[in-house]
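Notes follow once the structure below has been shown.
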Amino acid sequence: MSNPPTDRTTIVIFGASGDLTKRKLAPALFHLYTSGVLPEYCRFIGVARSEFSDDEFHEHLRDGVTIDSGQEDEWNRFAQKIEYYRGHSNDPESLRGLDEHIRDGQGRNGHDNRIYYLALAPSLYEDTLAALGETGQLDESTGYRRVVIEKPFGTGLQSARALNDVVHSVLDENQVYRIDHYLGKDTVQNLLVFRFANTIFEPIWNRHYVDHVQISVLEKLDIEGRGDYYDHTGVIRDMFQSHLLQLLALVAMEPPAKAGSEALRDEKAKALVSVRRHTPETAANESVRGQYIGYRDEKNVAKDSETATFGATRMFVDNWRWQGVPFFLRSGKALGRKATEIVIQFRPPPHSIFQIPEGTSLTPNALHVSIQPEEGVHLTVENKTPGARMSVRSQELEFHFAPHEIRDAYERLLLDAIQGDASLFTRSDEIELSWEIVDPFIKAWEGSAASPLIPYHPESWGPDEADALLGPDRHWMVHRRSS
């Protein structure tokens with residue numbers, strides 16, 4: 001969907017001198033521009049406190065954009081649409097000047113559509129939204145106004161509700177685009193296609209056939225010098241409240257009754273409503289927390305820090321489809337491998353008619369949805385080994401996206417925001433439901449009755465206690481492509 005030729009669309013990025021703008025937003029917008037999918041009359045304004053001329057700002061962004069051979073002219077044309085405005089996002093007087101700058105640059109006729117992207121420190125969200133409202137820049141009488149808000153959205157349930165109150169005091173919910181870049185990944189969206197465009201999986205996507213579900217977001221890198229941020233956040237706030245619970249919702253949700261963003265988000269919210277709530281005491285028993293050896297030596301990390309860099313939890317979705325099926329979630333820093341993966345572990349056959357070695361059993365079917373870095377789907381099945389004997393071995397049916405087909409998630413999400421499609425953005429009730437689920441774990445891990453903080457070696461798979469959380473005859477799985 002594109003805008004009529006008389007429309008003017010302005011994308012304003014607050015915090016434009018930061019790393020997110022250079023590494024993610026500028027490359028995504030440039031690729032959208034070269035693909036020809038942006039509105040014809042589109043301009044980009046970076047706002048920050050740094051001293052930049054337009055040309056200096058272009059050079060700053062150019063350092064973060066990969067430009068293929070022969071694309072220099074396209075970059076130069078794209079750069080002509082980029083302006084820099086020095087100002088403070090939370091200062092009403094500064095924003096009045098920005099408003100006048102936008103109006104002067106595009107004339108007074110036609111629609112004045114705007115997207116404000118908050119690539120800011122979360123501490124600035126409330127004041128920036130209030131200032132935008134006070135200066136009248138969120139009024140839609142001359143065109144749409146949309147605000148994209150980065151994670152983290154709050155630090156707990158109470159702060160998330162307070163931020164939502166500020167958001168809703170100046171914006172309608174349909175103007176708000178809370179971004180979780182995981183939902184923009186092709187492989188995450190493919191989970192919806194895989195479930196709902198194929199009839200073979202839906203009949204077995206339930207407690208009768210699924211033994212358990214694993215969702216892993218594993219990072220090989222450590223905190224990369226971000227101790228001042230991470231030591232106040234930790235893995236539970238950084239990964240579980242957003243990425244992991246969003247993936248859980250996509251796995252557990254019911255089929256939407258119709259196409260459209262609200263129907264999809266309704267079903268995700270229903271899945272989150274069904275996740276079993278814990279007290280801090282029970283949350284401690286249903287989780288494992290760890291810290292990699294050497295974390296306390298990182299810059300800006302307290303020498304006696306109790307911040308978890310690894311976490312594993314056992315959750316249950318208490319509804320008709322999933323009752324009794326455990327969902328195991330884990331994430332951590334400085335681990336043996338980078339991998340984001342969903343595993344649907346099916347139950348073993350109830351009875352084997354094949355002769356197999358004593359003490360062994362048939363390998364249950366497992367569906368691996370690899371989100372990164374080996375983007376694809378793998379289904380483990382049992383097959384006969386060629387030869388005279390009736391022996392059985394595990395093999396895989398697999399599909400992989402070609403590397404050149406994968407675009408950065410921000411491209412999809414930015415285009416959706418321009419086109420007004422909120423399907424892949426998080427609604428206010430989803431945010432609060434996620435914090436409801438996670439808050440007891442935060443209290444369990446940070447309170448006086450906290451479960452032990454277990455040290456683990458960098459480049460390992462985390463604490464051994466995370467294996468025990470799974471229970472007998474289960475183990476954590478991460479697919480490794482054989483070819």
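Counting begins at 1 with the first residue of the sequence.
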Exercise for the section: Please check if any side-chain donor atom of Asp180 sits under 3.5 Å from a side-chain acceptor atom of Thr426, or the reverse. Expected result: no
Handout entry: Under 3.5 Å: donor-acceptor pair, side chain of Ser159, backbone of Gly154
Key = no
Practice task
May I ask you to decide if Arg321's main-chain N or O and Asn319's side chain share a donor-acceptor pair within less than 3.5 Å?
Solution key: yes
Handout entry: Tyr144 six-ring centre to Arg146 NZ/CZ under 6.0 Å and within 45° of normal
Key = yes
Problem - Basic-acidic side-chain contact under 4.0 Å: Glu306, Arg296 - result: yes
Handout entry: Minimum side-chain heavy-atom gap Thr66-Pro27 below 4.5 Å
Key = no
Handout entry: Check: Leu247 and Leu191 side chains under 4.5 Å, non-hydrogen atoms
Key = no
Exercise for the section: Would you check if there is a donor-acceptor pair between the side chains of Trp445 and Ser287 at a distance under 3.5 Å? Expected result: yes
Problem - Glu298/Lys333 ion pair, N-O < 4.0 Å - result: no
Problem - Pairing of Glu93 and Arg96 as salt bridge, 4.0 angstrom limit - result: yes
Practice task
On the 0 to 90° scale, with breaks at 30° and 60°, tag the Phe52-Phe57 ring pair as parallel, tilted or perpendicular.
Solution key: tilted
Exercise for the section: Report the C-alpha separation of Lys443 and Thr279 in whole Å, then their side-chain angles, then the decisive distance to 0.1 Å, and conclude whether the side chain to side chain contact (heavy atoms under 4.5 Å, CB included) test is met. Expected result: CA-CA 9 Å; Lys443 293 174 182 176; Thr279 65; over 6 Å; no
Practice task
Check whether any side-chain heavy atom of Arg178 lies under 4.5 Å from a side-chain heavy atom of Ser428, and answer yes or no.
Solution key: yes
Handout entry: Test: Arg277 and Glu436 ion pair at under 4.0 Å
Key = yes
Exercise for the section: May I ask you to check whether Ser53 and Asp55 show a side-chain donor-acceptor distance below 3.5 Å? Expected result: no
Exercise for the section: Ignoring hydrogens and angles, tell me if any N or O in the side chain of Arg195 forms a donor-acceptor pair with the backbone of Met253 under 3.5 Å. Expected result: yes
Exercise for the section: Decide if atom CD of Gln158 counts as having more than 12 heavy atoms of other residues, nucleotides or ligands within a radius under 6.0 Å. Expected result: no
Exercise for the section: Output, in order, the C-alpha distance, side-chain angles, deciding distance and verdict of side chain to side chain contact (heavy atoms under 4.5 Å, CB included) for Tyr410 and Ile179. Expected result: CA-CA 9 Å; Tyr410 279 95; Ile179 196 168; 3.8 Å; yes
Practice task
State plainly whether the residues Asp408 and Lys24 are in salt-bridge range, i.e. N to O under 4.0 Å.
Solution key: yes
Problem - Gap between atom NE2 of His368 and atom CG of Leu379 - 0.5 Å precision - result: 9.0 Å
Exercise for the section: Please round to the nearest 0.5 Å and tell me the distance separating atom CG of Asp421 and atom CG of Asp416. Expected result: 4.5 Å
Exercise for the section: Please name the pair of heavy atoms, one in Ser434 and one in Gln241, separated by the smallest distance, quoted to 0.1 Å. Expected result: CB-O, 3.4 Å
Problem - Euclidean distance, Glu254 CD relative to Glu202 CD, rounded to 0.5 Å - result: 7.0 Å
Handout entry: Donor-acceptor under 3.5 Å (Asp54 side chain, Glu83 main chain)
Key = no
Problem - Shortest non-hydrogen separation from Leu264 to Ser423 and the atoms involved - result: CD2-O, 3.7 Å
Problem - Centroid separation Phe44 to Phe78 less than 6.0 Å - result: yes
Practice task
State whether the side chain of Ser331 and the backbone N or O of Val217 hold a donor-acceptor pair below 3.5 Å, judged by distance alone.
Solution key: yes
Exercise for the section: Salt-bridge test for Lys270 and Asp266: reply yes if a basic N is under 4.0 Å from a carboxylate O, no otherwise. Expected result: no
Problem - Salt bridge flag under 4.0 Å for residues Arg314 and Glu286 - result: yes
Handout entry: Donor-acceptor under 3.5 Å (Tyr85 side chain, Ser94 main chain)
Key = yes
Handout entry: Sub-4.5 Å side-chain heavy-atom contact between Pro152 and Thr233
Key = no
Exercise for the section: Carefully, step by step, assess Leu183 and Lys268 under the rule side chain to side chain contact (heavy atoms under 4.5 Å, CB included). Expected result: CA-CA 12 Å; Leu183 298 185; Lys268 285 167 58 188; 3.7 Å; yes
Practice task
Rounded to the nearest 0.5 Å, what's the gap from NZ on Lys81 to CD1 on Ile45? Could you check?
Solution key: 12.5 Å
Handout entry: salt_bridge(Arg289, Glu446) N-O dist < 4.0 Å
Key = no
Handout entry: Test item: Tyr230 side-chain N/O and Glu224 main-chain N/O as donor-acceptor pair under 3.5 Å
Key = no
Practice task
Check the angle between the aromatic planes of His181 and His243 and answer parallel, tilted or perpendicular using the 30° and 60° thresholds.
Solution key: perpendicular
Practice task
Establish, from distance only, whether the side-chain atoms of Glu341 and Ser216 form a donor-acceptor pair under 3.5 Å.
Solution key: no
Exercise for the section: Show your reasoning for whether salt bridge (charged side-chain N to carboxylate O under 4.0 Å, His left out) applies to Asp99 and Arg103. Expected result: CA-CA 6 Å; Asp99 185 44; Arg103 294 176 185 275; 3.2 Å; yes
Exercise for the section: Report the distance from atom CD of Gln372 to atom CG of Asp186, rounding to the nearest 0.5 Å. Expected result: 12.5 Å
Handout entry: Pair Tyr116, Thr128: side-chain N/O donor-acceptor within cut-off below 3.5 Å
Key = no
Handout entry: Non-hydrogen side-chain atoms of Glu150 and Leu120 separated by less than 4.5 Å
Key = no
Practice task
Using modelled atom types only, decide if a donor and an acceptor are shared between the side chain of Arg145 and the backbone of Gln175 within a distance under 3.5 Å.
Solution key: no
Practice task
Heavy atoms only: give me the nearest Ile11-Cys42 pair and the separation to one decimal.
Solution key: CD1-SG, 4.3 Å
Problem - Taking every non-hydrogen atom, the tightest pair across Ala160 and Ile431 - result: CB-CG2, 4.0 Å
Handout entry: Working for side chain to side chain contact (heavy atoms under 4.5 Å, CB included), residues Thr309 and Val235
Key = CA-CA 5 Å; Thr309 62; Val235 69; 5.7 Å; no
Problem - Ion pair Lys151/Asp238, N-O distance below 4.0 Å - result: yes
Exercise for the section: Kindly assign one of parallel, tilted or perpendicular to the pair Phe328 and Trp476, based on the angle between their ring planes and the thresholds 30° and 60°. Expected result: perpendicular
Problem - Validation row: Thr155, His232 side chains within 4.5 angstrom (heavy atoms) - result: no
Handout entry: Side-chain H-bond candidate by donor/acceptor type, Asn300 with Tyr229, under 3.5 Å
Key = no
Problem - Any donor-acceptor N/O pair, His278 side chain to Phe441 backbone, under 3.5 Å - result: no
Practice task
Taking the side chain as every heavy atom from C-beta outward, state whether Leu157 and Glu432 have any atom pair closer than 4.5 Å.
Solution key: yes
Exercise for the section: To the nearest 0.5 Å, tell me how far Gln137 CD sits from Leu129 CG. Expected result: 12.0 Å
Completion exercise
What one should report as the nearest heavy-atom pair of His31 and Glu411 is ND1-OE2, 3.0 Å
Handout entry: Whether Trp75 side chain and Ile67 backbone form a donor-acceptor pair below 3.5 Å
Key = no
Handout entry: Heavy-atom pair of closest approach, residues Ser305 and Asp231
Key = OG-OD1, 2.6 Å
Exercise for the section: Measure up the Phe399 and Phe401 rings against each other and bin them: parallel (under 30°), tilted (30 to 60°), perpendicular (over 60°). Expected result: perpendicular
Problem - Test item: His58 and Gln80 side chains (from C-beta on) under 4.5 Å apart, heavy atoms - result: no
